[in-house]
*Asks:* 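Here it is, the structure, as structure tokens.
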Amino acid sequence: MSAPEEERRVQDAARRHARTMAFAEAEDVISFVLSDPGVRAARERVEAAETEFGRELCARLQPFQDRHDQAVAAGDAVLLTGACEGKHGRWGRICVLPDGHETSMEEPHWGRNREGRPIAWVGSAPDDW
């Protein structure tokens, strides 16, 4: 291996290490912040409000959940790709409303949480957040 190739290999390894360390540090900070009692209490209040709002909307929006469940069972890619991309994968939420519902229907995201209870929320986050 030539000297320039070795130098490039070392620089690449150093960049990977720095990135890995930065991500690990960020995860530690996020875990520390999320473990704060005040943050936990606020999260519990938000989850309670989302659950209550989800129950209130259930009668009107349940047909969308039924349609989504049928599409998943049948492997209906057309219907599934037309669904809203709003999700909070970390919390087990997938919006079952049609794409664009926030403006066309003026509805928040709605679906079921990982326990199977109706839930409504505003905003979205990537699956890995």
*Asks:* Does atom CD of E115 have more than 12 heavy-atom neighbours, drawn from other residues, nucleotides or ligands, at distances under 6.0 Å?
*Replies:*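 Buried by this count: over 12 neighbours within 6.0 Å.
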
*Asks:* Do you reckon F32 sits in the same ILVMFWY cluster as V29, going by side-chain contacts under 4.5 Å, direct or chained?
*Replies:*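 They do not share one cluster, since no chain of ILVMFWY contacts under 4.5 Å joins F32 to V29.
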
*Asks:* Short question: side chain of W121, backbone of P108 - any donor-acceptor pair under 3.5 Å?
*Replies:*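 Absent.
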
*Asks:* If you measure from the Lys or Arg side-chain nitrogens to the Asp or Glu carboxylate oxygens, is any gap between E52 and R55 under 4.0 Å?
*Replies:* no

*Asks:* Identify the two heavy atoms, one from W110 and one from G54, that lie closest to each other, and give their separation to 0.1 Å.
*Replies:* NE1-O, 3.1 Å

*Asks:* Does E106, at its CD atom, have more than 12 non-hydrogen atoms belonging to other residues, nucleotides or ligands within less than 6.0 Å?
*Replies:* no

*Asks:* Same cluster or not: are V96 and F53 linked, directly or through other Ile, Leu, Val, Met, Phe, Trp or Tyr residues, by side-chain heavy atoms under 4.5 angstrom apart?
*Replies:*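 As far as the 4.5 Å side-chain criterion goes, F53 and V96 are connected within one cluster.
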
*Asks:* Output yes when a side-chain donor or acceptor of R40 lies under 3.5 Å from a complementary backbone atom of S35, and no otherwise.
*Replies:*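 Yes, because the side chain of R40 sits within donor-acceptor range (under 3.5 Å) of the backbone of S35.
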
*Asks:* Any chain of hydrophobic side-chain contacts (each under 4.5 Å) joining I30 to V39?
*Replies:* yes

*Asks:* Do F64 and L79 land in one hydrophobic cluster if side-chain heavy atoms of ILVMFWY residues count as linked below 4.5 Å?
*Replies:* no

*Asks:* Mark yes or no for whether H109, through its side chain, and C95, through its backbone, hold a donor-acceptor pair below 3.5 Å.
*Replies:*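 Checking the backbone N and O of C95 against the side chain of H109, no donor-acceptor pair under 3.5 Å is found.
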
*Asks:* Could you grab the distance from atom CD of E107 to atom CG of L61, nearest 0.5 Å is fine?
*Replies:* 5.0 Å

*Asks:* Could D12 and R15 be called an ion pair, given the rule that one side-chain N must be under 4.0 Å from one carboxylate O?
*Replies:*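 Result for this pair is yes, salt bridge flagged.
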
